[in-house]
Amino acid sequence: MKKRLLYLAALSAAAVLAVSCASSQSLTRAAGEECDIENAGTRKYLEEVDYSDDPDYTLSLVEKYYKEYGATDEPLPVTLSWTGGPATRILMSASPRFDDAFEVPGDTSPVEVYNLVPGEKYYYRVFSGKKVLKTACVVPVGPLRMIHGLSANVRDFGGWKVPGGHVAYGRLYRGAQLSPRMSDEARDLFSRQLGISVDLDLRGIKKSESWVKPVIDGAVYLKLPVEKNLGRGTGNTQELYQQAIRSIIGWLGEGRNVYFHCAGGADRTGSLAFLIEALLGVSENDLSKDYELTTFAGQNTRLRSFRATEKETHILYELVTHLRKFGYPEVTDIRQLTVNWATTRHSDDVDPLTMEEIGLLRKYLTVKD
């Protein structure tokens, strides 16, 4: 039976690759064995959909893909295989000298490895006692890095193109709520393998969520109960989104990796993700696609054309409509409108973000290509 490993290796400074799986197993080949880690529906959606000609946010194309390929937010693993009998040890490293190598659990070929960083070359060596059964390298490739084994609808912020580079992997993660009954393996994935030390919880505004509390021992926990509709939010909704972004900037500056979530990782999480990505300079087309990727989680259908009731249009439409109050029609770039929103004071209690803070956000989360 295939054995599964949940592991994060060294963070990549390489650009995201979007190529299909090749077949070399030799260290002499520069690229290594390229292994697609994207499920078919997600990859097709990311490669084929373009929302550049729909500034009104009334068109949705994602439904075709999850109906044709199935609704799944699961990535594919990188598979290590060898011949010559069972392994007594498998080592893997991002260095050809096997510096900072980590051990891969498993002894029977093949072994599945999850949560590697796209574009990074990993070297592995399979031992039977002192005998080396195989030495090779693999390169996980895919448009984004979905996380396996933590919760539903979890993905790394990394990989999206921004001016001059791409969003860094391994610093900021988004997803659904963490279970108080999560396994020891999932807790280890969160704290040790992914190195996350902050749990930013966007739940709590509903009576049904009054119970929410931290579930990861030792992690910094902050609850900011935001409403899903930024444009309709009552009370201090806008200020809480600003506070969430400011808190993330501070944690990143401390070298912490951050996980933020609501219940399903859709509306509230999607709104905060949209705001952060817009501040980073992610294109409007990719902003829309990242929001809709939540649809592949199955229980979270979030189409750009979604209508909950006649009184409520979809959350993304309302978010964009609200942002356009801050300079539209003179300013049409949604990224600049988001900067305008972020630097506007919405109450006497919370100071607006400054351009210096936004510059730090970009510094912490941008890798130059």
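Everything quoted here is computed from the prediction, not taken from an experiment.
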inquiry  = If hydrophobic clusters are built from ILVMFWY residues whose side chains come within less than 4.5 Å, do Leu59 and Val62 share one?
reply    = yes
query = If only atom types and distance count, is the side chain of Glu34 paired as donor or acceptor with the main-chain N or O of Val139 below 3.5 Å?
reply = no
inquiry  = With heavy-atom distances below 4.5 Å as the criterion, would you say the side chains of Leu275 and Leu323 are in contact?
reply    = yes
remark   = Distance col, row Ile248:CD1 vs Phe260:CZ, nearest 0.5 angstrom, shows 5.5 Å
query = Would a hydrophobic clustering, with Ile, Leu, Val, Met, Phe, Trp and Tyr connected at side-chain separations under 4.5 Å, put Leu222 with Val212?
reply = no
task = Please assess Thr42 against Met146 for the test side-chain contact (heavy atoms from CB on, under 4.5 Å), listing each intermediate value before the final yes or no.
result = CA-CA 10 Å; Thr42 298; Met146 296 183 288; 4.2 Å; yes
message = Is there a path of hydrophobic side-chain contacts, each under 4.5 Å between heavy atoms of I/L/V/M/F/W/Y residues, joining Leu76 to Val141?
response = no
Taking every non-hydrogen atom, the tightest pair across Tyr51 and Asn285 = N-OD1, 2.6 Å
query = To the nearest 0.5 Å, what is the distance between NZ (Lys228) and NZ (Lys206)?
reply = 6.5 Å
request  = Using the rule that two of Ile, Leu, Val, Met, Phe, Trp, Tyr join whenever any of their side-chain heavy atoms come within less than 4.5 Å, decide whether Leu224 and Val350 are in one cluster.
outcome  = no
Side chain to side chain, Ile358 and Met355, heavy atoms closer than 4.5 Å = yes
key: Flag side-chain contact, heavy atom, 4.5 Å: Leu293 against Tyr45   = yes
ask   = Going by heavy atoms in the side chains, are Arg43 and Tyr69 under 4.5 Å from each other?
value = no
message = Main chain of Leu279, side chain of Thr338: is a donor-acceptor contact present, judged purely on distance under 3.5 Å?
response = no
message = When you measure from the side chain of Tyr291 to the backbone of Ala273, do you find a donor-acceptor pair of N or O atoms at a distance under 3.5 Å?
response = no
request  = Just do the side-chain contact (heavy atoms from CB on, under 4.5 Å) check on Asp54 and Asp56 with the steps written out, would you?
outcome  = CA-CA 5 Å; Asp54 182 37; Asp56 294 331; 4.2 Å; yes
query = Looking only at heavy atoms, which two atoms of Glu209 and Gly204 are closest? And how far apart?
reply = OE1-N, 2.8 Å
task = Could you tell me whether Lys134 and Glu33 have a side-chain N and a carboxylate O separated by less than 4.0 Å?
result = no
ask   = When rounded to the nearest 0.5 angstrom, what is the spacing between CD1 in Ile315 and CG in Leu230?
value = 10.5 Å
request  = For residues Tyr241 and Phe274, establish whether the separation of their ring centroids is below 6.0 Å.
outcome  = no
Geometric class of the Tyr169/His166 ring pair [parallel <30°, tilted 30-60°, perpendicular >60°] = tilted
request  = Look only at the side chain of Asp156 and the backbone of Gly158, and say whether a donor-acceptor pair between them is shorter than 3.5 Å.
outcome  = yes
ask   = When you measure from the side chain of Thr88 to the backbone N and O of Gly129, does any donor-acceptor pair fall under 3.5 Å?
value = yes
note = Ala186 and Leu150 have their tightest heavy-atom pair at O-CD1, 3.7 Å
query = How about Asp201 and Tyr221: does a side-chain donor come under 3.5 Å of a side-chain acceptor?
reply = yes
key: Heavy atoms of other groups near Glu356 CD, more than 12 under 6.0 Å   = no
request  = Report the distance from atom CG of Leu240 to atom CD1 of Ile245, rounding to the nearest 0.5 Å.
outcome  = 11.5 Å
request  = Report yes or no: does Asp73 contribute a side-chain atom to a donor-acceptor pair with the main-chain N or O of Asn153 at less than 3.5 Å?
outcome  = yes
ask   = Looking at CD1 of Ile37 and OG1 of Thr79, how far apart are the two atoms once the value is rounded to the nearest 0.5 Å?
value = 12.0 Å
query = Taking it one step at a time, do Ile216 and Tyr259 satisfy side-chain contact (heavy atoms from CB on, under 4.5 Å)?
reply = CA-CA 11 Å; Ile216 301 292; Tyr259 181 69; over 6 Å; no
inquiry  = Both conditions, 6.0 Å and 45 degrees, for the charged tip of Arg203 above the ring of Trp211: are they met here?
reply    = yes
key: Heavy-atom side-chain proximity of Leu80 to Met92 below 4.5 angstrom   = yes
inquiry  = Pairing donors with acceptors under 3.5 angstrom, does anything connect the side chains of Tyr57 and Glu284?
reply    = yes
Interatomic distance, Arg145 atom CZ to Tyr173 atom OH [nearest 0.5 angstrom] = 4.0 Å
key: Working for side chain to side chain donor-acceptor pair (under 3.5 Å), residues Tyr66 and Glu292   = CA-CA 11 Å; Tyr66 78 81; Glu292 278 198 326; over 6 Å; no
ask   = Closest heavy-atom contact between Lys289 and Leu46?
value = NZ-O, 2.8 Å
ask   = Are His346 and Asn236 linked by a side-chain donor-acceptor pair shorter than 3.5 Å?
value = no
ask   = Are any non-hydrogen side-chain atoms of Ile205 and Val226 less than 4.5 angstrom apart?
value = no
key: side-chain contact (heavy atoms from CB on, under 4.5 Å) between Thr135 and Tyr123, worked out   = CA-CA 7 Å; Thr135 299; Tyr123 300 84; over 6 Å; no
key: Residues Glu68, Lys64: salt bridge by 4.0 Å N-O rule   = no
Donor-acceptor pair between Arg174 and Thr269 side chains, under 3.5 angstrom = no
query = Any Lys/Arg nitrogen of Arg246 or Asp351 sitting under 4.0 Å from an Asp/Glu carboxylate oxygen of the other?
reply = no
inquiry  = For a side chain to side chain donor-acceptor pair (under 3.5 Å) check, start with the C-alpha distance between Asp50 and Ser52, then their side-chain angles and the critical distance, and finish with the verdict.
reply    = CA-CA 6 Å; Asp50 186 351; Ser52 300; 2.6 Å; yes
ask   = Is there side-chain contact between Lys213 and Lys223, with heavy atoms separated by less than 4.5 Å?
value = no
task = Mark yes or no for whether Arg155, through its side chain, and Asp290, through its backbone, hold a donor-acceptor pair below 3.5 Å.
result = yes
query = Can you check whether Gln177's main-chain N or O pairs, donor with acceptor, with Ser151's side chain at less than 3.5 Å?
reply = yes
task = Using the six-membered ring wherever Trp is involved, compare the ring planes of Tyr114 and His148 and label them parallel, tilted or perpendicular (cut-offs 30° and 60°).
result = parallel
ask   = With a 4.5 Å heavy-atom cut-off, do Leu189 and Ile147 have their side chains touching?
value = yes
inquiry  = Determine whether a donor-acceptor pair (N or O, by modelled atom type, separation under 3.5 Å) exists between the side chain of Asn340 and the backbone of Thr344.
reply    = no
request  = Compare every heavy atom of Cys262 with every heavy atom of Arg268, then report the nearest pair and how far apart it is.
outcome  = NE-CB, 3.5 Å
inquiry  = Is it the case that atom CG in Asp53 sees more than 12 heavy atoms from other parts of the structure closer than 6.0 Å?
reply    = no
message = Check whether Lys44 reaches the backbone of Tyr65 with its side chain - one donor and one acceptor, N or O, closer than 3.5 Å.
response = no
task = Indicate the atoms forming the closest heavy-atom contact of Ala87 with Ile90, along with that distance.
result = CB-CG1, 4.1 Å
